[in-house]
Visitor: 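I have a structure here, written as structure tokens, and I will follow up with some questions on it.
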There are 2 protein chains.
Amino acid sequence: MSVTEIVPNVSERHVSRAASVPFDAAKQADALTEAFTLIGAAVRFDRNTEIFGEAEPAEYFYQVVSGAVRMYKLLSDGRRQIGAFHLPGDVFGLEAGQTHRFGAEAIATSVIRVARRSAIIALAARDHDLANELWTRTADRLQLAQDHMLLLGRKNAEERVASFLLQMADRAAAERTLDLPMSRQDIADYLGLTIETVSRTLTQLEGKAAIELPSSRRVRLCNRAALQRLNA
Amino acid sequence: MSVTEIVPNVSERHVSRAASVPFDAAKQADALTEAFTLIGAAVRFDRNTEIFGEAEPAEYFYQVVSGAVRMYKLLSDGRRQIGAFHLPGDVFGLEAGQTHRFGAEAIATSVIRVARRSAIIALAARDHDLANELWTRTADRLQLAQDHMLLLGRKNAEERVASFLLQMADRAAAERTLDLPMSRQDIADYLGLTIETVSRTLTQLEGKAAIELPSSRRVRLCNRAALQRLNA
DNA sequence: CGACGACTTGACGTGTTTCAAACGAGGTGG
DNA sequence: CCACCTCGTTTGAAACACGTCAAGTCGTCG
């Protein structure tokens with residue numbers, strides 16, 4: 001199940017086999033992606049396998065090549081909060097401390113590029129662009145986390161689901177139809193709701209003709225303006 | 001009301017007049033605090049005055065010398081989420097982008113050291129320790145934001161209030177008695193609750209003998225273990 | 001003393017959760 | 001090819017935690 005095979009660099013086999021929209025590193029010539037291409041190894045993770053655990057020592061940085069990843073935190077009694085979903089191109093595991101404070105799991109079969117922290121940090125000591133980008137990417141994550149706090153603290157179920165759909169549509173660069181890689185439970189734990197409430201809210205949005213649900217994982221955004229109105 | 005007077009460096013007058021536990025920069029010889037002492041100016045902000053607004057251009061970095069600061073985000077209809085409270089020693093306004101994504105206001109009369117972003121960033125280009133600390137401090141804020149997301153998404157009112165009290169006690173280095181600088185409304189907007197629920201939950205914790213409330217802004221933590229049990 | 005703002009308390013309403021059951025798509029085996 | 005199982009999802013009914021609305025109290029300041 002947890003087949004995690006390491007290859008020295010992205011092999012054709014993995015990339016071609018990987019699901020939907022593989023991330024093309026060459027197109028986005030930022031310093032960090034360059035560093036990943038240079039010293040990173042591609043690793044394949046099957047659906048629902050752990051990439052790293054909460055409180056595990058943080059030895060690597062990660063970049064999604066294809067697939068999708070969820071970052072989560074657990075309470076002692078099993079309640080789970082998903083802090084972020086990572087899609088192709090995203091870098092994660094960027095904590096500055098010695099241990100991960102979130103766990104990471106593959107939502108779908110994913111190819112992840114992995115690079116030793118120490119190697120990246122050593123590079124950054126000589127390359128200001130890279131150092132700057134480590135900071136920038138961390139600050140970007142912080143902004144997303146802050147937007148997420150507003151959603152969790154102050155929005156109702158309908159607003160949360162609408163925000164989520166718009167956010168996913170933006171990131172997937174999907175004009176109208178959206179294929180969600182994650183389950184209702186994942187969405188619920190991201191939005192701080194139960195799966196029942198997420199499901200009900202989606203059918204409710206369908207009732208308002210804001211969306212259509214051709215299948216449970218597929219969403220058509222029919223009325224973006226209506227969703228936008230709920231966004232804030 | 002919004003008396004914001006700039007002085008070339010921390011004047012005796014301001015520091016001595018400032019409320020409780022002024023932050024002594026000399027004791028914590030980190031690169032960023034050093035930079036602030038070197039090129040920062042101390043500014044005084046009265047209670048409830050704006051330090052910067054949401055979406056304002058981010059021209060400065062800030063460090064609390066004395067007092068307390070709230071960071072907030074507003075929804076169009078006025079709902080407010082407080083993302084963080086800053087106490088003496090804390091650095092804020094560390095976004096990497098060109099604009100602030102949170103507003104900042106003084107909760108109590110505060111002295112804030114202010115330094116131009118461009119100056120700090122120029123220093124960081126030559127000083128790896130400083131560059132590293134910019135990243136580290138941003139990553140620390142990210143961790144706090146992530147813990148906050150867990151609280152907002154998955155904890156009930158009692159757990160939220162308990163977490164808040166423990167967190168404040170840790171930061172104020174207060175053994176037992178805690179003087180809160182913020183109002184119930186601030187606490188409510190930090191915890192994603194209403195002031196009524198915060199108030200009720202505090203009296204409920206008092207009923208359980210976990211805390212005492214000698215006055216509304218003063219809390220004695222009588223049974224830390226009981227609070228800790230609610231913390232996760 | 002009177003007025004104001006911050007906080008507390010009470011009664012009631014409601015959005016979300018909880019518990020439970022039914023549904024539907026995908027896969028396996030007969 | 002269809003019966004059957006499984007797992008994710010949807011739907012329903014009831015319970016409950018928190019929000020809302022409305023008084024009432026407390027402390028502070030003029």
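Keep in mind it's a predicted model, so treat the numbers as computed, not measured. Values below: all heavy atoms of this structure, side chains included; hydrogens, waters and symmetry mates excluded.
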Visitor: Do any of residues 71-82 of chain B sit with a heavy atom less than 4.0 Å from DNA chain D, and if so which?
Guide: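 By residue number: none to list.
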
Visitor: Would you jot down, in residue-number order, the residues of residues 146-154 of chain B having a non-hydrogen atom under 4.0 Å from DNA chain C?
Guide: none

Visitor: If you take the centroid of each ring, where Trp contributes its six-membered ring, are Y190(B) and F85(B) closer together than 6.0 Å?
Guide: yes

Visitor: One character per nucleotide, please: for nucleotides 25-30 of chain D, 5' to 3', B when the base has a protein heavy atom closer than 4.0 Å, S when only the sugar-phosphate does, - otherwise.
Guide: ------

Visitor: Under a 3.5 Å threshold, yes or no: a donor from one side chain and an acceptor from the other, between N48(B) and R70(B)?
Guide: yes

Visitor: Mind checking the CD1-CZ spacing from I112(A) to R44(A)? Nearest 0.5 Å is all I need.
Guide: 11.5 Å

Visitor: Give a yes or no on whether a salt bridge exists between R47(A) and D186(A), defined as a side-chain N under 4.0 angstrom from a carboxylate O.
Guide: no

Visitor: Between C1' on dC23(C) and CZ on R184(A), what's the gap in Å once rounded to a whole number?
Guide: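 From R184(A) CZ to dC23(C) C1': 14 Å.
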
Visitor: Using whole Å, what does the distance between atom C1' of nucleotide dC16(D) and atom CD of E158(B) come to?
Guide: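 Interatomic distance, CD of E158(B) to C1' of dC16(D): 15 Å.
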
Visitor: Within this structure, what is the CG-to-P distance between N156(A) and dG15(C), rounded to whole angstrom?
Guide: 9 Å

Visitor: Give the rounded distance in Å between these two atoms: CZ of R160(B) and P of dC18(D).
Guide: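 Atom CZ in R160(B) sits about 7 Å away from atom P in dC18(D).
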
Visitor: Could you check which residues of residues 187-200 of chain B get a heavy atom under 4.0 Å from DNA chain C? Sort them by number, please.
Guide: E196(B), S199(B), R200(B)

Visitor: Listed by chain and number, what are the salt bridge (Lys or Arg N to Asp or Glu O under 4.0 Å) partners of R171(B), not counting sequence neighbours?
Guide: D90(B)

Visitor: Restricting to non-hydrogen atoms, name the atom on A188(B) and the atom on I195(B) that form the minimum distance, rounded to 0.1 Å.
Guide: CB-N, 3.6 Å

Visitor: Which residues pass the salt bridge (Lys or Arg N to Asp or Glu O under 4.0 Å) test with R154(A), sequence neighbours left out?
Guide: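 R154(A): salt bridge (Lys or Arg N to Asp or Glu O under 4.0 Å) contacts with D189(B).
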
Visitor: Given side-chain contact (heavy atoms from CB on, under 4.5 Å), test L230(A) with L205(A) step by step and report yes or no.
Guide: CA-CA 11 Å; L230(A) 290 169; L205(A) 287 174; 4.0 Å; yes

Visitor: Kindly write out the residues that satisfy side chain to side chain contact (heavy atoms under 4.5 Å, CB included) with D77(A), not counting sequence neighbours, or none if the list is empty.
Guide: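 By the side chain to side chain contact (heavy atoms under 4.5 Å, CB included) rule, D77(A) matches L75(A), R79(A).
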
Visitor: I'd like to check the side chain to side chain contact (heavy atoms under 4.5 Å, CB included) partners of F52(B); sequence neighbours left out, ordered by chain and number.
Guide: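 So F52(B) forms a side chain to side chain contact (heavy atoms under 4.5 Å, CB included) with E56(B), Y62(B), M71(B), F92(B), H100(B), A104(B).
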
Visitor: Please name all residues satisfying salt bridge (Lys or Arg N to Asp or Glu O under 4.0 Å) with R160(B), sequence neighbours left out, ordered by chain then number.
Guide: none

Visitor: What residue pairs, at least two apart or across chains, pass salt bridge (Lys or Arg N to Asp or Glu O under 4.0 Å) with a residue in residues 192-216 of chain A?
Guide: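 Sorted result for residues 192-216 of chain A: E158(A)-K208(A).
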
Visitor: Heavy-atom distance under 4.5 Å between the side chains of I211(B) and L227(B), does that happen here?
Guide: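 When only atoms from C-beta onward are counted, L227(B) and I211(B) do touch, with a gap below 4.5 Å.
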
Visitor: Counting only non-hydrogen atoms, which of residues 202-222 of chain B are less than 4.0 Å from DNA chain C?
Guide: T203(B), S216(B), R217(B)

Visitor: Quick one: salt bridge (Lys or Arg N to Asp or Glu O under 4.0 Å) partners of R141(A), sequence neighbours excluded?
Guide: none

Visitor: Nearest 0.5 angstrom please: T109(B) OG1 to D46(B) CG, how far?
Guide: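 With rounding to 0.5 Å, OG1 (T109(B)) is 5.0 Å from CG (D46(B)).
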
